[in-house]
A.B. asks: 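For reference, the structure I am asking about is given below.
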Amino acid sequence: MPELPEVESIKNGLRPLVAGRRITAVEVFRAGAVKSLPVEDFCRGLAGNRILGVERRGKFLIFPLDDRRYLIAHLRMTGVLLWDGGDVPYVSARFHLEGGHVLVFQDRRGLGKLWLVEGPDTVVGGLGPEPLQPEFSPEALRERLKKRSAPIKALLLDQHFLAGLGNMYADEVLFRARVHPLKRARDLSPAETARLHRAVREVLSRGIALKGASVDTYRLPDGGKGSAHSAFQVAHRRGLPCPVCSTPIERISLRGRGAYFCPKCQNRLLDIPL
DNA sequence: CCCGGAACCTGAAGGC
DNA sequence: TGCCTTCAGGTTCCGG
């Protein structure tokens, strides 16, 4: 599933391909994917426009255009952006670019979204801090956590609290920080909060270095896979031994999705130093 | 404002 | 063989 490391890797792959290139035509095959405008206006507004670059905010891809508007894409769970992708199923939209190239928005479950807007903030304005930027500091994290009673994992997944983490990387972050996913945010010790901050940075940086995790449909724009999933220690590993203590990894349900953790290393009541 | 659950969506995988 | 359930999860909406 595309989370911050996957979207960052897609951004890095797309930038040299699309930057400076003009859009010649746009076809939309799943009308529900277009959010900001009627589909006709969306296509007409993009045709003839030049893509100036590619940016990322949280899990959103942002393409500044030369008419000062912005094309924004969110891949949700199964969205893929394929450069010169040929005859593939589940195509939500095709962006034809000068030079005969085509950027294919493929999306098996069809939950991905597209916007054409005057400014990016109308779409991404409510997002929390970027975890790899200085604005995400240990002090700011501690201050915000101590007012909240929700399970820590629910907060890590809340894009208004922190932008970019999804289910898989949240599990990896909590394991690395040795924090139980159900522990209430305000109950984290200063040491746990410090470990959590560091773990967010380390897990996401490693995910980017490995070009994302190719579970399910995730692919880079050239069709290649990332390898971050091979570094996962608890995510999707129910019953397998914890890499630290060999206790079988458990799965519980939290907010309708799986939370994988080591019941020994991530004790809900005890603060176990690394 | 805060929290938790359902809905959206399409498969793969496993049990019986 | 075929049917049913569970799992996969990013975001938004709704009720308490």
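Every chain is numbered from 1 and lettered A, B, ... according to where its sequence line falls, protein lines coming before strand lines.
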A.B. asks: Roughly, in whole Å, what's the span from CZ in Phe161(A) to P in dC2(B)?
C.D. replies: 11 Å
A.B. asks: Can you check whether Arg108(A) has a side-chain N or O nearer than 4.0 Å to OP1 or OP2 of dC9(B)?
C.D. replies: no
A.B. asks: Is atom CZ of Arg206(A) surrounded by more than 12 heavy atoms (other residues, nucleotides or ligands) closer than 6.0 Å?
C.D. replies: no
A.B. asks: Are any of Ser149(A)'s side-chain N or O atoms less than 4.0 Å away from OP1 or OP2 of dC3(B)?
C.D. replies: yes
A.B. asks: Identify whether any heavy atom of Gly110(A) sits under 4.0 Å from a base atom; if not, whether one sits that close to sugar-phosphate; answer base, sugar-phosphate or nothing.
C.D. replies: nothing
A.B. asks: Taking any heavy-atom pair under 4.0 Å as a contact, classify Pro151(A): base, sugar-phosphate, or nothing.
C.D. replies: sugar-phosphate
A.B. asks: Can you tell me the distance, in whole Å, between the CG atom of Asp158(A) and the C1' atom of dC2(B)?
C.D. replies: 11 Å
A.B. asks: Should Lys153(A) and Asp171(A) count as an ion pair when the cut-off is N to O under 4.0 Å?
C.D. replies: yes
A.B. asks: Please verify the inter-ring angle class for Trp83(A) with His101(A); under 30° counts as parallel, over 60° as perpendicular, anything in between as tilted.
C.D. replies: parallel
A.B. asks: Detail all sub-3.5 Å separations between protein N/O atoms and N/O atoms belonging to nucleotides 11-15 of chain C.
C.D. replies:
unit_1: dT11(C); atom_1: OP1; unit_2: His74(A); atom_2: NE2; d: 2.1
unit_1: dT11(C); atom_1: OP2; unit_2: Lys59(A); atom_2: NZ; d: 3.2

A.B. asks: State whether Arg50(A) and Glu98(A) are salt-bridged, where the test is any N-O pair (Lys NZ or Arg NE/NH1/NH2 against Asp/Glu carboxylate O) under 4.0 Å.
C.D. replies: yes
A.B. asks: Please give, in whole Å, the distance from dC2(B) P to Lys146(A) NZ?
C.D. replies: 15 Å
A.B. asks: List the steps, then state whether salt bridge (Lys or Arg N to Asp or Glu O under 4.0 Å) holds for Lys211(A) with Glu6(A).
C.D. replies: CA-CA 6 Å; Lys211(A) 297 190 174 181; Glu6(A) 287 74 31; over 6 Å; no
